[in-house]
Amino acid sequence: MKANESIDETYLNIYELLYERYGPQYWWPADTPFEVVIGAILVHHTNWANVERSLEKLAPYLSDPETLARLPEETLAKLIRSSGFYRVKAKRIRAFLRWFQQYDYEFQRVKKVHQENIREELLQIYGIGQETADVILLYVFHIPVFIADRYARTIFQRIGIHVPRTYDGLRKQVENHFPKDANLLNEFHALLVTHGKTYCKKTPICDYCPLRTMCSRLV
DNA sequence: ATCCTGATTA
DNA sequence: TAATCCGGAT
């Protein structure tokens with residue numbers, strides 16, 4: 001139990017150090033819940049800058065899922081070309097739209113029908129995996145989940161925390177040792193991504209890292 | 001374990 | 001020129 005207590009403090013400490021350095025992140029970067037979903041699919045293994053270009057081309061459709069659903073797959077694919085994997089991603093967006101249509105393209109109805117098992121429902125959609133499902137849960141439905149993405153895994157591992165191998169393993173560990181608060185989890189994920197992009201990247205830049213004091217790499 | 005893919009970076 | 005980018009399906 002002693003190990004759990006120390007993990008408990010560690011995740012909160014990380015959050016506080018990151019927040020002190022980077023400040024509020026105002027996530028997810030989107031104007032509407034529907035745009036959150038599109039962005040989350042487009043960003044698969046892709047730089048966000050490439051996603052923004054696609055979102056600009058999709059701008060006329062982002063306020064109207066029904067019209068986007070009527071676009072032929074290859075037309076959609078061309079619009080999102082800059083995001084890479086554009087053929088698969090076009091299929092994934094259309095798969096989501098087919099599912100979304102059942103609820104008249106309204107997230108409110110999704111929540112009413114499913115209440116507790118939105119995650120399972122989302123995971124059945126082609127192209128929506130665990131991370132994307134959690135992004136939707138947190139940033140669309142404001143349900144408190146931890147997004148156990150690559151950045152989080154890398155950052156925690158480098159610090160010296162014993163990180164579970166699976167996605168759900170890490171997700172649950174953090175959820176068990178961090179406040180179950182959608183606003184805090186929103187900010188935590190955003191801060192981890194920002195930190196992963198600026199300091200804790202593939203080859204980390206450890207000078208002036210906000211987590212220096214607790215990182216096992218540095219001592 | 002491999003494939004999907006364009007744009008930027010090292 | 002190769003590696004990398006807020007993954008997921010096969």
Side-chain angles (χ1 to χ4, degrees), chain A residues 14-15 18-19 21-22 24-31 33-58 73-100 119-140 145-158 163-171 174 182 184-207 211:
Chain A
I14 293 170
Y15 176 89
L18 294 178
Y19 190 86
R21 173 66 64 96
Y22 302 112
Q25 302 295 301
Y26 306 106
W27 268 38
W28 178 281
D31 293 330
F34 180 61
E35 191 180 337
V36 172
V37 176
I38 302 301
I41 292 173
L42 290 179
V43 79
H44 292 173
H45 198 72
T46 302
N47 191 297
W48 181 257
N50 293 337
V51 175
E52 286 184 313
R53 298 178 188 178
S54 299
L55 289 175
E56 284 178 33
K57 295 194 174 185
L58 289 179
E73 190 170 304
E74 49 178 303
T75 307
L76 174 57
K78 284 174 189 168
L79 291 175
I80 63 173
R81 190 173 50 85
S82 69
S83 307
F85 305 95
Y86 56 92
R87 290 192 200 93
V88 217
K89 286 176 182 177
K91 284 183 182 169
R92 292 174 182 181
I93 288 172
R94 287 172 62 77
F96 174 80
L97 286 168
R98 257 178 269 127
W99 171 84
F100 201 25
R119 191 171 199 265
E120 286 70 21
E121 182 74 9
L122 289 171
L123 286 173
Q124 289 176 345
I125 303 169
Y126 171 80
I128 307 279
Q130 308 183 86
E131 183 178 334
T132 308
D134 286 338
V135 166
I136 296 171
L137 288 180
L138 183 58
Y139 292 101
V140 171
V145 290
F146 177 71
I147 297 164
D149 70 340
R150 273 249 189 51
Y151 284 134
R153 178 170 295 278
T154 301
I155 292 166
F156 296 157
Q157 274 177 174
R158 282 177 177 165
V163 176
R165 292 183 237 75
T166 65
Y167 177 94
D168 274 339
L170 177 56
R171 175 174 69 84
V174 176
L184 284 179
L185 287 159
N186 173 327
E187 202 64 51
F188 196 22
H189 172 64
L191 288 166
L192 287 167
V193 172
T194 296
H195 182 58
K197 290 168 100 159
T198 54
Y199 286 95
C200 209
K201 23 189 190 183
K202 50 212 170 182
T203 51
I205 301 175
C206 299
D207 294 342
L211 303 180

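Letters go in sequence order (proteins before strands), and every chain restarts at 1. On a predicted model such as this, the values are computed, not experimentally measured, just so you know.
For the pair R53(A) CZ and dA7(B) P, the computed distance is 7 Å after rounding to whole Å. Atom CG in L42(A) sits roughly 12 Å away from atom C1' in dG6(B) (whole-Å rounding). W48(A) has its CH2 atom 17 Å from the P atom of dT9(B), to the nearest Å. One interatomic measurement links the two molecules: CG of D168(A) to P of dG8(C), which rounds to 11 Å at whole-angstrom precision. In this entry the distance linking CZ of R81(A) with C1' of dC4(B) reads 16 Å, nearest Å. To the nearest angstrom, P of dT5(B) lies 13 Å from NE2 of H45(A). Here the C1' atom of nucleotide dT9(B) and the NZ atom of K197(A) are 14 Å apart, to the nearest Å. Between the P atom of dT8(B) and the NZ atom of K201(A) lies a distance of 16 Å, rounded to the nearest Å.
A close approach under 4.0 Å does not occur between any side-chain nitrogen or oxygen of R150(A) and OP1 or OP2 of dT4(C).
Within the 4.0 angstrom heavy-atom criterion, base atoms lie near N50(A). Contacts of V193(A) with the nucleic acid, taken as non-hydrogen atoms under 4.0 Å apart, include base atoms.
Using a 4.5 Å cut-off on side-chain heavy atoms (C-beta onward), V140(A) and W28(A) make no contact. Here the side chains of R119(A) and I136(A) are not in contact, with every heavy-atom distance at 4.5 Å or above. Counting only heavy atoms from C-beta outward, the side chains of V193(A) and W27(A) approach each other to under 4.5 Å. Side-chain contact check for I155(A) versus Y199(A): every heavy-atom pair is 4.5 Å or farther apart.
Of the residues in residues 120-140 of chain A, not one places a heavy atom less than 4.0 Å from an atom of DNA chain B. Scanning residues 86-94 of chain A for heavy-atom distances under 4.0 Å to DNA chain B yields Y86(A), R87(A), V88(A).
Taking the P atom of each, dT1(C) and dC4(B) are spaced 22 Å apart, rounded to whole Å. Taking atom P on both dG8(C) and dA7(B), the two are 23 Å apart, rounded to the nearest angstrom.
Searching all strands for a Watson-Crick or G-U wobble partner of dA9(C) with both distances below 3.5 Å returns dT2(B).
Formation of a donor-acceptor pair under 3.5 Å by the Y139(A) side chain with backbone atoms of N186(A) is found in this model. Between the R81(A) side chain and the S54(A) main chain, no donor and acceptor come within less than 3.5 Å of each other. Side-chain atoms of R92(A) do not come within 3.5 Å of backbone N or O of I125(A) as any donor-acceptor pair.
In this structure, Y15(A) and Y19(A) have parallel ring planes: the angle between them is below the 30° cut-off, well short of the 60° mark. Relative orientation of the H195(A) and Y22(A) rings is tilted, given thresholds of 30° and 60° on the angle between their planes.
Counted within 6.0 Å of CD on E74(A), heavy atoms from surrounding residues, nucleotides or ligands total 12 or fewer; the atom is thus considered open.
Picking from dA7(B), dC4(B), dC5(C) the nucleotide with the shortest atom distance to the side chain of K202(A) gives dC5(C).
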